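Predicted model, so just to flag it, every value in this text is computed and none were measured. Each chain gets a letter, A, B and so on, in the order its sequence line appears, and its residues count up from 1.
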Number of protein chains: 2
Amino acid sequence: MRHRLKDVAERAGVSVKTVSNVVNGYLHVRPDTRARVEEAIAELNYRPNLSARNLRKGRTGVIALAVPELDIPYFAELARYVVTAAAEHGWTVLIDQTEGGPEQERKAAAGIGDHMIDGLIFSPLALTADDLSGLDGTPMVLLGERVDHGPADHVVVDNVAAAREITAHLIGLGRRRIAAIGSQRTPEGASARLRLAGYTAALAEAGIEYDEALVAPAPAWHRADGAAAMRELLSSGVRPDAVFCFNDTLALGALRALHEAGLRVPEDVAVAGFDDIEDGRFSIPTLTTVAPDKERIARLAVELLAGRIDGDREAPPRELAAPYRLALRESTTGRP
Amino acid sequence: MRHRLKDVAERAGVSVKTVSNVVNGYLHVRPDTRARVEEAIAELNYRPNLSARNLRKGRTGVIALAVPELDIPYFAELARYVVTAAAEHGWTVLIDQTEGGPEQERKAAAGIGDHMIDGLIFSPLALTADDLSGLDGTPMVLLGERVDHGPADHVVVDNVAAAREITAHLIGLGRRRIAAIGSQRTPEGASARLRLAGYTAALAEAGIEYDEALVAPAPAWHRADGAAAMRELLSSGVRPDAVFCFNDTLALGALRALHEAGLRVPEDVAVAGFDDIEDGRFSIPTLTTVAPDKERIARLAVELLAGRIDGDREAPPRELAAPYRLALRESTTGRP
DNA sequence: TCAGGTTTCTACAACGTTGTAAGCAACGTT
DNA sequence: AACGTTGCTTACAACGTTGTAGAAACCTGA
């Protein structure tokens, strides 16, 4: 019960192409012909076959967004903004979960179903520049960390500066034994490295000695990892008076562990995160964090991609920076 | 720089169809021919054009998942399970945000890009059975609420029974002034109606009189709405000793409002939610909730859809129930 | 040796759409 | 009356793939 242009054409007594013209809003169609065609379309409940249209046009109207995990609130929030921004360009977004694994990411970068998408917005964890070269095909925009000298467009947030600022905020509160949670030595840990660099820079500026015992690794950046790392820190006896967690879910886990240990936040230990996810605005206490402008990130990414898709594919890669700000809340200031 | 079967065929000195046969793993290809073709494929970095394949086969290998909002953790977690289950069937999942609006939902139900997807898993808020009739095209599976006598397959969770059980749990703790947060009068409020029905049923069973002043509406089911509703309840002077929130984000908002009001959970007010999102396992206090088996829901939905796509499209609609359990945590029991 | 199969490969025709080029009116201009 | 212009419509040929049908080569066993 699926109809084609041909069926509509026969019913309306015109050529297939005329129906196509009506469907595509072509100007020079006589009003009465148009009416007849539209009637036939309605009667048959005709809808164009997108596969055929795509084949003919070489465009699918679909872009992909590849993120490590959808149930990490940061990526879910980002996804929402990307969907909105893409809709304004008439694109549908195919969301792809890479699970952060190098193999999965490579597959995503290679193009999902390849000809299935017009472009790709990609938030990589494990990939390096090498993995990305040799992708002749689909236009791509990278989010987040800079893959050095990568061949693709980028939307970056200055992780080092942001981490430095929020650490400086903790120092400004008079804290001196500031722990960090979330360090990673794996190649996936690009964000971790940058945020750690910001943290150490802030310490150095304030003349506070870097103490490795205060830096806790976290294999992933989930709540459970944050809680575990915090418990580890507490039981190791290093007695921090503040913690900078490399993302908000880690921080929420840390809050939980501190609560269980009977410590007060921020009186005993101040806690800061990174990402500004919605949970942090309602947690107890509310969470001080770095708030990257997610909407801006999404919008810039979509625009860069649009530029590639419609424009010059050989132009040198562009890099746009998205702003961030500090959101100071109860977990450091004690005030909402 | 994009190659077609024809290019590979020329390079390997065989026909186009032979290359196609190699690509599709057709059996009867001589090993040396196969090798030659594979070499050519590798040299040219050939990848099939999916639009063309889809056109020819009438299948796209893509199913859509339409949910109200991706940044509601419940849906994000569900999406993840759906993606996993679909991958086992070789499908890619296109995630569509309907924003819960009737118009958007109708559009989603009508099929995203129509021929673009083989099937649709749909978690409707606003749609009724009427909106769904007249969809001859794409196979569809509905999640959650029963759209009465709807024409499509369903995966349901017994909302009434679950709500009754968790309310009974609160009653079992000795609470008598049990508030409910999340009621809705709009047509979108199907879940709300069912959960409210479970709540009142439990009260009736225990011989507790239903008090309308204890039932707080919530326009949406976000944290902010839960917090607002809780503040409203507290300031209205009804003095509840327990609250059943119709989902977890509402409950997290309520926890926040109770905290701000200086009330202890669960000593002064016990709090229960619905959905078992990850946040609730780390919140302070951790959240008692109804835990629907999301993985099961996703798996059943994908299987129902597979049945429609590969099998009999005219078979009568099926309805499968997914189990749930109560997750009792600090917010009612005081113990983790 | 040959009939009858099996294996291996190919030509052709779709799938449903749109760009191109061209045809045919009807019109205004010279 | 001849001409170009404009508006409307159409036939045809792609887009890149795969199913069908069949040809050619190769086996097998009598």
CD of B/Glu10 versus P of D/dG16: gap in Å, rounded?
13 Å
Heavy atoms, side chains only, cut-off 4.5 Å: are B/Leu5 and B/Val19 in contact?
yes
Integer-rounded Å distance: C/dG16 C1' and B/Arg59 CZ
18 Å
Nucleotide D/dC15, atom P - distance to CG of B/Asn54 in whole Å
18 Å
If we only count heavy atoms from C-beta on, is the A/Leu65 to A/Asp96 side-chain gap below 4.5 Å?
no
Do B/Val37 and B/Glu39 have side-chain heavy atoms sitting under 4.5 Å apart?
no
From NE2 of B/His3 across to P of D/dC15 the rounded distance in Å is 15 Å
How close or far is atom P of D/dT17 from atom CG of B/Leu55, stated in whole angstroms?
12 Å
Step through the shown structure and confirm whether more than 12 heavy atoms of other residues, nucleotides or ligands are within 6.0 Å of OH on A/Tyr46.
yes
What is the distance, rounded to the nearest whole Å, between atom CZ of B/Arg4 and atom C1' of D/dC15?
9 Å
Starting at CG of B/Leu5 and ending at C1' of D/dC15, how long is that distance when rounded to a whole Å?
13 Å
Are side-chain heavy atoms of B/Val141 and B/Phe122 found at a separation under 4.5 Å?
no
Interatomic distance, A/Lys57 NZ vs C/dT20 P [rounded to whole Å]:
12 Å
In terms of side-chain geometry, is the basic nitrogen of B/Glu88 or B/Arg299 positioned less than 4.0 Å from the acidic oxygen of its partner?
yes
Strand DNA chain C as a dot-bracket string - pairs counted if Watson-Crick or G-U with both distances under 3.5 Å, | where the partner lies in another strand:
||||||||||||||||||||||||||||||
Classify the side chain of A/Arg53 and the base of C/dT17 as holding, or not holding, a donor-acceptor pair under 3.5 Å.
no
Under 4.0 Å, heavy atom to any atom of DNA chain D: which of residues 16-35 of chain A qualify?
A/Lys17, A/Thr18, A/Asn21, A/Tyr26, A/His28, A/Val29, A/Arg30, A/Thr33
Looking at B/Asp153 and B/Arg318, is there a salt bridge between them, counting it only when a charged N and a carboxylate O are closer than 4.0 Å?
no
When we call it a touch if two heavy atoms are under 4.0 Å apart, what does A/Lys6 touch: a base, just sugar-phosphate, or nothing?
nothing
Once hydrogens and angles are ignored, does a donor-acceptor distance under 3.5 Å link the base of D/dT17 to the side chain of B/Arg56?
no
Please examine the side chains of B/Glu303 and B/Leu320, heavy atoms only from C-beta on, and report whether any two atoms are closer than 4.5 Å.
no
Quick one: are B/Ile95 and B/Leu70 in side-chain contact, heavy atoms under 4.5 Å?
yes
